[in-house]
Amino acid sequence: MNRKLSNQQLIKYLPIVLMVILLIGLDRLTKWLAALYLSNPIEIIPYLSLRYEQNSGIAWSIPIPYQILVPVSILLLCLIPFFIIKELNLKHVAAQAALALLIAGGLGNVYDRIVYGYVVDFISVGMWPVFNFADSYLTIGIFIILLFYAKIKRT
């Protein structure tokens, strides 16, 4: 049994890979800029500001020990794309976008956790916890799956 990917299979995943690279680049760039320029918060409009924070917890800064958080994050980062590839029809743009967003969001935040020991957050909206682009990617990716599941699931 030949396990090599054919050119057709590689071409099928190319848009997803390119989107992941672009999204991770945007996430890394914005986190770097936040660390460099946001020593003082910047209010854009009432209830929307940019401020640098180091989040050593998970969503909403819920504290979880680092020794548990990193391995669980890596495990999820491996399992979720596997589930999406198995369960969703990647011929649909929505499924491709969801997969790319979830991979990029997961990689962006796991990178921070491994390299720095925390995730850089910098977007503050009202009473919501401060977040970053990778968090937004994860939220939007899950939302796309929930919204379009009936259309993008494998039959």
Side-chain angles (χ1 to χ4, degrees), residues 9-38 41-64 69-116 118-155:
Q9 290 171 315
L10 289 173
I11 290 170
K12 178 173 86 171
Y13 293 112
L14 186 60
I16 297 167
V17 171
L18 292 175
M19 196 178 337
V20 167
I21 292 168
L22 176 69
L23 292 170
I24 289 174
L26 181 61
D27 179 61
R28 296 296 331 133
L29 175 64
T30 56
K31 289 175 179 176
W32 175 74
L33 290 170
L36 196 60
Y37 294 110
L38 294 177
I42 300 171
E43 184 174 337
I44 298 172
I45 58 174
Y47 302 107
L48 175 61
S49 63
L50 301 176
R51 70 174 198 243
Y52 177 82
E53 288 194 11
Q54 297 175 353
N55 179 357
S56 57
I58 58 170
W60 303 290
S61 299
I62 298 169
I64 302 272
L69 187 56
V70 170
V72 169
S73 297
I74 293 170
L75 180 65
L76 287 173
L77 188 56
C78 294
L79 291 178
I80 289 173
F82 175 76
F83 168 79
I84 290 172
I85 291 169
K86 185 175 183 265
E87 295 296 320
L88 301 183
N89 184 350
L90 291 179
K91 290 180 182 176
H92 289 279
V93 174
Q96 293 176 9
L99 178 59
L101 286 161
L102 292 171
I103 291 172
L107 284 173
N109 283 342
V110 166
Y111 176 87
D112 277 6
R113 288 193 197 292
I114 291 170
V115 172
Y116 307 117
Y118 56 84
V119 172
V120 174
D121 288 333
F122 60 92
I123 304 168
S124 177
V125 179
M127 298 302 293
W128 288 95
V130 180
F131 59 96
N132 59 45
F133 278 31
D135 296 334
S136 298
Y137 302 160
L138 294 167
T139 302
I140 294 166
I142 291 168
F143 184 73
I144 288 171
I145 291 172
L146 294 174
L147 189 63
F148 296 105
Y149 185 75
K151 292 182 180 182
I152 63 177
K153 68 179 177 182
R154 285 188 188 262
T155 53

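Note that the structure is a prediction, hence the values are computed from the model and not measured. No hydrogens, no waters, no symmetry mates; every other heavy atom, side chains included, goes into these values.
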First locate atom NE2 of H92, then atom CG of L99, and finally report the distance between them rounded to the nearest 0.5 Å.
14.5 Å
What heavy-atom pair brings I145 and I84 nearest, and what distance separates the two atoms?
CD1-CD1, 3.8 Å
Under 4.5 Å between any side-chain heavy atoms of L88 and F83, yes or no?
no
Taking every non-hydrogen atom, the tightest pair across A95 and N89:
CB-O, 3.3 Å
Heavy-atom nearest pair, Q96 first then M19, reads O-CE, 4.3 Å
Hey, which of I24, L26, V20, L102 is the one that makes side chain to side chain contact (heavy atoms under 4.5 Å, CB included) with Y137?
L26
With heavy-atom distances below 4.5 Å as the criterion, would you say the side chains of F131 and V125 are in contact?
yes
For D112, which residues count as a salt bridge (charged side-chain N to carboxylate O under 4.0 Å, His left out) partner, sequence neighbours excluded?
R28, K31
Sub-3.5 Å donor-acceptor pair from the side chain of R154 to the main-chain atoms of I85, do we have one?
yes
I123 vs D135, side-chain contact (heavy atoms from CB on, under 4.5 Å): CA-CA, chis, key distance, verdict:
CA-CA 10 Å; I123 304 168; D135 296 334; over 6 Å; no
Do you see a donor-acceptor pair shorter than 3.5 Å between the side chains of N55 and N109?
no
When every non-hydrogen atom of F133 is compared with those of D27, the smallest separation belongs to CB-OD1, 3.8 Å
Quick one: CD1 on I142 to CG on L147, what's the gap to the nearest 0.5 Å?
13.5 Å
Taking every heavy atom of I144 against every heavy atom of A97, the minimum-distance pair comes out as CD1-CB, 4.3 Å
